[in-house]
Participant: 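Below is the structure I would like to discuss, written out as structure tokens.
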Amino acid sequence: MTKEEIVKKYFNTVYRLALSQTKDKAHADDVTQEVFLRFLKKERSFQNDEHLKAWFIRVTINCSKSIFLSSHFKKCVPLSEELTFDTEEKSDVYYAVADLPQKYRTAIHLFYYEDLSVAEIAGIIGTKESTVKSQLHRGRELLKEKLKGGYDFV
Amino acid sequence: MFRDVYKSANDDIIPDSQLLDKILTQAPEKKKTIYPFFVKYGSVAAAFLILAGTLAIYPKLSKTLNTADDKAVPGTDVVTGISETASPEALPNLKESKAKATQEASTNTKNTEEAITEKDLTQQGNGEQITKEKTLPEVTTSPSPTKNATRKTEADGAVITTTAQPEISEDSVAVAKETNLNSAENIPTIVSSEDMEATLIASPENQTEPSAQVVSEEPIAPASVAGSDSEGYSARKIPDYDSSGSKCGGGGSISSASSGGSKSGGAASSGGSGGGAASGTTKSAEITESKAIELANEAFLQDFGEEFLNSSKIKTEFQGKYIITRYNENVTYTVTVTTDGLLKKQY
């Protein structure tokens, strides 16, 4: 696959993760742009798609963290742009996850949206599986309190 | 299911297509060049290959260098032309070197011949053949040429006789073939070149009085003329030596005292010391001590009689002349005898 194809394939994944991390479209755009620029600049080869995906996710999380640490992000107040969803349930669930702490939010997003395993998440984040498990557990607990819908967190 | 709801909610989020275009357009176009790759890894590979090749070839190189040294053909030394380690078998220039060496040796032998005392011998009876018997140190050569292609001559107690035309063979530089040598009776033999001068055994022709024998081992002082005194005799300085008890003059104990240095007793074997022979020349015309004592005794006898001779003691001195003193309680009679035989009486 060409790089353009790869960019197109993983563009949505990177953007959505960046948006869940930054909770801001502008910052998400910056993170997305940064991630793909990095990909395009570097002449690196990947073993398979899973390896490539894991790379994108890791770089997105790292770029998101770097933006959090920048002075610009600290001074700026994120614009409260509301995202539109088809149903209210989707909006409640999305915003409930968005309100979680960053580390819980990452684990929940990767586990439930990217369908990654605990081991994969641990590998990408660079933590232990037990840590990922505990983060997932606490995230679910917080979501249960917020959502009060009786969702099944399978 | 939470999963399904959360997925559908995220799927509804669509990023801006302009962003995608922006990303695609802003992508830098890198020219793929292999030059850096080549420089980076190629240099390392080249260095490795060079090192490996050097290590692999080094033993062979060292071998070739060693074999080159070992295979140096003997006898083909450029500097000297003669190899130090030349073996008799493989020396292409051996003959030339030998010829040169023999020539040089012959010149050396000729030079030595001149330095050596010769004695011509005439063959009695025939009277025709004259052979020169020369004592030459024996010359020995080695089969292999030496460094400087010179032949050492050993002169240790060897007797070599040469003819007028010495032959030079491969084994020896100067080998003299004796031809028509006289009998060895009249031939003075010289033991060695070193002892030639010192141990010249005199032939009957050359023999002189025992007093004339050169037996002095001490350096012979040059004869000095002390000048003539008023008496008319010259005092010739003769090295001092002990005068042995003289046999002449009959009777009486004669005690003599040496005036000066001592001489070896070799000369006393003749019964008297050859005082005059100390100079190394024949003293047959000069007065010896015994003669001087004899003359003095005659004078004593003449003047004082036999009783004085028997009762007196004798004392002999030599101070360029013989001073013979006879003394007793009453009389002291001194007779001075020069080497020429002049007498002077003093009492």
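Excluded from the calculations below are hydrogen atoms, water molecules and symmetry mates; all remaining heavy atoms, backbone and side chain alike, are included. In what follows, every chain begins at residue 1, and chains take the letters A, B, ... in the order their sequences are listed.
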Participant: What I'd like to find out is whether the side chain of F2(B) reaches to under 4.5 Å of the side chain of V97(A), using heavy atoms alone.
Facilitator: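 In short, these two side chains touch, coming nearer than 4.5 Å.
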
Participant: How about E50(A): does its CD atom have over 12 heavy atoms from other parts shown lying under 6.0 Å from it?
Facilitator: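 Not more than 12 within 6.0 Å, no.
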
Participant: Taking non-hydrogen atoms and a cut-off under 4.5 angstrom, which of residues 6-19 of chain B neighbour chain A?
Facilitator: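 Hits under 4.5 Å: Y6(B), K7(B), S8(B), A9(B), N10(B), D11(B), D12(B), I13(B), P15(B), D16(B), L19(B).
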
Participant: Can you measure from CD1 (I23(B)) to NZ (K8(A)) and round to the nearest 0.5 angstrom?
Facilitator: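 I23(B) CD1 to K8(A) NZ: 12.0 Å, rounded to 0.5 Å.
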
Participant: Considering only heavy atoms, which portion of T32(A) lies under 4.5 Å from any heavy atom of chain B: side chain, backbone, both, or neither?
Facilitator: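 Contact with chain B is through both the backbone and side chain of T32(A).
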
Participant: How long is the span from the CZ atom in R3(B) to the CZ atom in F111(A), to the nearest 0.5 Å?
Facilitator: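 Result: 5.0 Å between the selected atoms.
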
Participant: Most heavy-atom pairs under 4.5 angstrom with chain B, which of F85(A), Y94(A), F11(A)?
Facilitator: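 Looking at each option in turn, the highest pair count goes to F11(A).
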
Participant: If you measure from CG on D4(B) to CD on E89(A), what distance do you get to the nearest 0.5 Å?
Facilitator: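 If I round to the nearest 0.5 Å, the distance is 10.0 Å.
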
Participant: For R138(A), does the CZ atom sit with more than 12 other heavy atoms under 6.0 Å from it, leaving out its own atoms?
Facilitator: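 No, CZ of R138(A) has 12 or fewer neighbouring heavy atoms, counting only those of other groups under 6.0 Å.
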
Participant: What part of D92(A) is in contact with chain B, defined as an atom under 4.5 angstrom from a non-hydrogen atom: side chain, backbone, both or neither?
Facilitator: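 Interface part for D92(A): neither.
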
Participant: Mind ranking T87(A), I108(A), D29(A) by heavy-atom pairs under 4.5 Å with chain B and telling me who comes out on top?
Facilitator: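 The candidate making the most pairs under 4.5 Å is D29(A).
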
Participant: Tell me whether the count of non-hydrogen atoms from other residues, nucleotides or ligands lying under 6.0 Å of NE2 in H137(A) goes above 12.
Facilitator: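 At most 12 heavy atoms, drawn from other residues, nucleotides or ligands, come within 6.0 Å of this atom.
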
Participant: Would you indicate whether Y41(B), at its atom OH, is surrounded by more than 12 heavy atoms from other residues, nucleotides or ligands within a distance under 6.0 Å?
Facilitator: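 It does not: Y41(B) OH has 12 such atoms or fewer within range.
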
Participant: Inspect the surroundings of NZ in K128(A) and state if more than 12 heavy atoms from other residues, nucleotides or ligands are less than 6.0 Å away.
Facilitator: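 Open: at most 12 neighbouring heavy atoms sit under 6.0 Å from NZ of K128(A).
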
Participant: Is Y15(A) close to chain B through its backbone or its side chain, or both, or neither, when contacts mean heavy atoms under 4.5 Å?
Facilitator: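 Side chain only.
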
